[in-house]
Number of protein chains: 2
Amino acid sequence: METTAWPASLPADLRAHLPEGLADGVFPAGCPSRTVLDHITSKWGVLILLALSEGEQRWSELRRRAEGISEKMLAQTLKTLERDGLVLRKAQAVIPPRVDYSLTERGYELSGLLVPLVTWAYNNADEILNGQR
Amino acid sequence: METTAWPASLPADLRAHLPEGLADGVFPAGCPSRTVLDHITSKWGVLILLALSEGEQRWSELRRRAEGISEKMLAQTLKTLERDGLVLRKAQAVIPPRVDYSLTERGYELSGLLVPLVTWAYNNADEILNGQR
DNA sequence: TAAGGTACTCACCTTTTGGTAAGTTATAGG
DNA sequence: CCTATAACTTACCAAAAGGTGAGTACCTTA
């Protein structure tokens with residue numbers, strides 16, 4: 001019996017490799033990385049991170065870009081990402097208020113990995129969804 | 001005022017780039033890529049895709065690897081991924097049943113993007129979660 | 001005086017997600 | 001004949017995620 005499921009046409013060394021702790025493709029149930037992964041792969045998390053990958057933006061700008069997000073969810077998502085040290089919040093004490101959001105260095109690092117994923121989803125979405133009877 | 005939020009130390013050409021349709025970092029609300037993204041970034045989707053990135057596996061093996069998953073969720077997640085053409089299901093008509101799951105070529109492509117993301121989450125999880133007062 | 005702009009929070013309710021436990025199938029082994 | 005096995009499905013319930021609409025603060029402009 002085969003021990004691998006890779007398409008024969010793909011050389012084995014094209015396989016991306018998991019780190020030691022995930023050697024057999026498992027996250028232990030209580031693993032902190034599951035929490036982090038949940039934050040960044042949350043419904044709106046990806047979208048906000050992506051929007052911010054284009055540069056610093058204000059609250060209202062983010063709202064517009066993440067089309068369909070509610071104010072509640074925007075606030076919640078930004079708070080989580082800020083706590084995680086991925087997003088930087090700069091508030092100015094002016095009236096009306098002005099708050100600028102941007103990616104931290106860590107957030108930038110992450111968005112570099114998210115962009116290819118999202119691009120892939122964007123490019124493959126139609127084929128994936130149409131190929132279903 | 002600054003038009004970019006990138007750390008000054010990072011040259012602009014290191015920025016990953018979004019495709020045309022996402023030029024301003026937005027998914028239109030009804031965009032099919034949002035659906036696809038929801039599937040693959042679902043709580044268990046990433047984990048299953050990741051487990052399968054190590055090769056063909058049986059139902060019970062997957063259950064063990066995605067620690068904490070319920071049978072219901074495993075079935076549901078696999079069904080979605082199969083419908084999306086990311087996972088291949090090979091059932092043998094024997095008793096007791098034997099079913100092998102593997103990644104399709106498309107699924108393999110995707111897992112190549114997921115692995116760096118998950119590796120990053122794994123490596124940064126402790127720092128992220130500890131840096132919170 | 002009144003309305004508008006910005007960045008929120010809050011309370012309430014609905015929808016979605018996920019877990020639990022039981023049932024199913026057909027055969028092989030004791 | 002009873003039990004175990006693998007890969008499920010189903011019904012029911014709890015929890016979490018998410019939406020809605022209102023409220024708030026303070027100043028500016030009409």
Side-chain angles (χ1 to χ4, degrees), chain A residues 1 5 27-31 34-49 51-52 56-84 87-102, chain B residues 1 5 27-31 34-49 51-52 56-84 87-102:
Chain A
M1 183 177 312
F27 288 84
C31 191
R34 283 211 190 169
T35 307
V36 171
L37 214 53
D38 279 352
H39 292 178
I40 66 191
T41 64
S42 71
K43 175 163 185 184
W44 298 110
V46 184
L47 259 29
I48 295 299
L49 254 5
L52 286 176
E56 183 173 73
Q57 277 155 80
R58 301 180 63 172
W59 163 277
S60 47
E61 177 73 3
L62 285 172
R63 250 214 105 177
R64 203 184 53 74
R65 291 204 161 185
E67 209 179 308
I69 199 172
S70 66
E71 301 204 322
K72 177 185 158 188
M73 278 296 102
L74 180 54
Q76 202 175 105
T77 304
L78 283 170
K79 236 177 231 169
T80 301
L81 296 177
E82 200 197 343
R83 274 184 59 114
D84 286 351
V87 161
L88 190 69
R89 181 178 180 275
K90 280 185 291 181
Q92 295 172 40
V94 296
I95 300 279
R98 176 186 184 114
V99 183
D100 293 285
Y101 291 93
S102 56
Chain B
M1 184 174 311
F27 287 84
C31 190
R34 282 210 190 170
T35 307
V36 172
L37 213 53
D38 278 352
H39 293 178
I40 65 191
T41 64
S42 71
K43 175 163 185 183
W44 299 109
V46 184
L47 259 29
I48 295 299
L49 253 7
L52 285 176
E56 184 173 72
Q57 276 155 80
R58 301 180 64 172
W59 164 277
S60 48
E61 178 73 1
L62 285 172
R63 247 214 108 177
R64 204 183 52 73
R65 290 203 163 186
E67 209 180 305
I69 198 172
S70 66
E71 301 205 322
K72 177 184 158 188
M73 277 296 99
L74 180 54
Q76 202 175 105
T77 305
L78 283 171
K79 234 176 231 169
T80 301
L81 296 177
E82 199 197 344
R83 275 184 58 112
D84 286 351
V87 161
L88 190 69
R89 179 177 182 276
K90 279 184 291 183
Q92 295 172 40
V94 296
I95 300 278
R98 175 185 182 114
V99 183
D100 293 283
Y101 291 94
S102 56

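The sequence lines fix the lettering, A, B, ..., with proteins before strands; numbering per chain opens at 1.
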List the steps, then state whether salt bridge (Lys or Arg N to Asp or Glu O under 4.0 Å) holds for E82(A) with K79(A). CA-CA 5 Å; E82(A) 200 197 343; K79(A) 236 177 231 169; over 6 Å; no
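- A residue-by-residue look at P97(B) and K79(A) shows that K79(A) has its nearest nucleotide of DNA chain C further toward the 5' end.
- Following rounding to the nearest Å, L78(A) (CG) and dT6(C) (C1') show an atom-to-atom distance of 14 Å.
- Checking the phosphate oxygens (OP1, OP2) of dC8(C), a side-chain nitrogen or oxygen of R89(A) falls inside 4.0 Å.
- Summarising the geometry, the separation between CZ on R64(A) and P on dA7(C) is reported as 13 Å, rounded to the nearest angstrom.
- Nearest heavy-atom pair across E67(A) and R34(B) is O-NH2, 2.8 Å.
- Nearest approach of V99(A) to A91(A), heavy atoms of both residues: CG2-CB, 4.0 Å.
- In this structure, the side chains of K43(B) and M73(B) stay at 4.5 Å or more apart for every pair of heavy atoms.
- Protein chain A contacts DNA chain D over a range whose 5' and 3' limits, counting nucleotides with an atom under 4.0 angstrom from a non-hydrogen atom, are dG18(D) to dC27(D).
- Of the residues D84(B), T77(B), T80(B), the one that meets the side-chain hydrogen bond (donor to acceptor under 3.5 Å, both in side chains) test with H39(B) is D84(B).
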Classify every nucleotide of nucleotides 14-20 of chain C by which part a protein heavy atom approaches to under 4.0 Å, writing B for the base, S for the sugar-phosphate alone and - for neither, in 5'-to-3' order. ----BBB
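- Smallest separation of non-hydrogen atoms from Q57(B) and L52(B): NE2-CA, 3.9 Å.
- Contact check for T41(A) versus I40(B): no side-chain heavy atoms found under the 4.5 Å cut-off.
- Contact record, V87(A) with Y101(A): CG1-CD2, 3.9 Å, taken as the closest heavy-atom pair.
- The C1' atoms of five pairs define one axis at each end of the helix from dT1(C)-dA30(D) to dG30(C)-dC1(D), and these two axes lie 20° apart (to 10°).
- The CZ-C1' distance, from R98(A) to dT6(C), rounds to 11 Å in whole Å.
- What you find for W59(A) and E71(A) is that their closest heavy atoms are CH2-O, 3.6 Å.
- Atom pair I95(B):CD1 and dA26(C):C1' shows a separation of 4 Å (rounding to whole Å applied).
- Here the side chains of L47(B) and I69(B) are not in contact, with every heavy-atom distance at 4.5 Å or above.
- The nearest pair of heavy atoms linking A66(B) to I48(B) is CB-CD1, 4.0 Å.
- The CD atom of Q92(A) sits 12 Å away from the P atom of dC8(C) (whole-angstrom rounding).
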